[in-house]
Engineer: 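Quick one: structure below, then a few questions.
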Amino acid sequence: MTQSTFIIIAIDGGAAAGKSSTSRGLSERYSLMHVDTGSFYRATTLKLMEAGIKPSNDSTLENGLASLKLGTMLSNNTASITIDNWVPDHSIRSQAVNDNVSHYAALPKLRSFLLDYQRSLADVARDRGFDGLVMEGRDIGSVIFPEADLRLYLHADPAKRAQRRAKEGISDSIEKRDRIDSSRKAAPLQVPKGATLVDSSELSLDEVIEKVATMIDSIRSS
Ligand code: C5P
């Protein structure tokens, strides 16, 4: 692979494992477009909740999803989803969304609704002149980009993750979400086969980024 080759980096892991900070750091360092797919599930969850569509109601879900028009907005290196021209804001990080998002994300219909959209973002990154894409979520290395150049699974022990959220001043249902995300049938949270496990429990953000940068440099120079 040459220096100019477009690279795709998939980062999976549980809630508050450090995926976003790591992805943002890598996106700046390597001019990669950053995509946080958790925000897609949060934004669609909020829209469905506002429309009164419950995860248990399969028949209204299909029509509800069909009526949502997805778009993309780029802000610096980060690509955000837009839904009917709405740009998701802090409301997608509310307690109500934290409590409900994993129940909606377990629905195969919602996952397939977002599948092609997520894959299409590689072309957006190419068209916008980025040198690659770093996408974070729960099923990126297993389902969305199983052929990614680098597939990572970021782990951090539960106490460290709770500490991180507390520092951000956010009350989150980390363990509950992880439990639901790992046990669902559709695209469960798991270490993708062949992915590299990075344990960030005892590492600073800079140390995690350096560790991953070594892997990226080796891919780019091979
Ligand atoms: O990454 P974040 O914690 O914001 O994700 C919120 C929720 O979205 C997760 O708990 C999970 O239920 C869902 N999700 C998912 N698949 C992804 C990204 C997020 O199911 N690729």
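Counting starts at 1 for both ligands and their atoms, in listed order.
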Engineer: Has ligand 1 got any nitrogen or oxygen that is less than 3.5 angstrom from a nitrogen or oxygen of R184?
Structural biologist: yes
Engineer: Using a strict 4.0 Å cut-off to heavy atoms of R93, name the atoms of ligand 1 that fall inside it.
Structural biologist: 4 (O)
Engineer: Do R177 and S182 have side-chain N/O donor and acceptor atoms under 3.5 Å apart?
Structural biologist: no
Engineer: In terms of atom number and element, which parts of ligand 1 are under 4.0 angstrom from non-hydrogen atoms of V101?
Structural biologist: 7 (C), 8 (O)
Engineer: Under a 4.0 angstrom heavy-atom cut-off, which atoms of ligand 1 come close to D139?
Structural biologist: 17 (C), 21 (N)
Engineer: Can a side-chain donor-acceptor contact be found between D217 and Y30 if the only test is distance below 3.5 angstrom?
Structural biologist: yes
Engineer: Is the shortest distance from a heavy atom of R111 to ligand 1 less than 4.0 Å?
Structural biologist: yes
Engineer: Any chance the rings of F130 and F6 have centres within less than 6.0 Å?
Structural biologist: no
Engineer: Tell me: protein heavy atom nearest atom 1 (O) of ligand 1, and distance?
Structural biologist: R138 NH1, 3.0 Å
Engineer: Mind listing the closest non-hydrogen atom pair of I81 and A43 along with its distance?
Structural biologist: CG2-CB, 4.2 Å
Engineer: May I ask you to check whether Y41 has an N/O atom sitting below 3.5 Å from an N/O atom of ligand 1?
Structural biologist: no
Engineer: Using the test side-chain contact (heavy atoms from CB on, under 4.5 Å), find all partners of A16 that sit at least two apart in sequence or belong to another chain.
Structural biologist: R161, R165, I174
Engineer: So if I count the atoms of ligand 1 from 1 in the order they appear, which ones are less than 4.0 Å from some heavy atom of R42?
Structural biologist: 2 (P), 3 (O), 4 (O), 6 (C)
Engineer: Note the single closest protein heavy atom to atom 6 (C) of ligand 1, along with its residue, its atom name and the distance in Å.
Structural biologist: R177 NH1, 3.3 Å
Engineer: Do NZ/NE/NH1/NH2 and the carboxylate oxygens of D123 and R126 come within less than 4.0 Å?
Structural biologist: yes
Engineer: Of all the non-hydrogen atoms in the protein, which one sits nearest to atom 18 (C) of ligand 1, and at what distance?
Structural biologist: T37 OG1, 3.4 Å
Engineer: Apart from Y153 itself, what residues make up its hydrophobic cluster, given side-chain heavy atom links below 4.5 Å?
Structural biologist: L189, V191, L197
Engineer: Taking 4.0 angstrom as the limit and counting only heavy atoms of A105, give me the atoms of ligand 1 inside it, by number and element.
Structural biologist: 12 (O), 13 (C), 20 (O)
Engineer: For atom 19 (C) of ligand 1, which protein heavy atom lies nearest, and how many Å away is it?
Structural biologist: G38 CA, 3.5 Å
Engineer: In ligand 1, which numbered atoms sit nearer than 4.0 Å to a non-hydrogen atom of D181?
Structural biologist: 9 (C), 10 (O), 11 (C), 12 (O)
Engineer: Is there a donor in the side chain of S173 and an acceptor in the side chain of N98, or the other way round, less than 3.5 Å apart?
Structural biologist: no
Engineer: Can you confirm, on distance only, whether ligand 1 has an N/O atom lying under 3.5 Å from any N/O atom belonging to S102?
Structural biologist: yes
Engineer: Give a yes or no on whether L115 and L68 share a hydrophobic cluster (residues Ile, Leu, Val, Met, Phe, Trp, Tyr; joining criterion: side-chain heavy atoms under 4.5 Å apart).
Structural biologist: yes
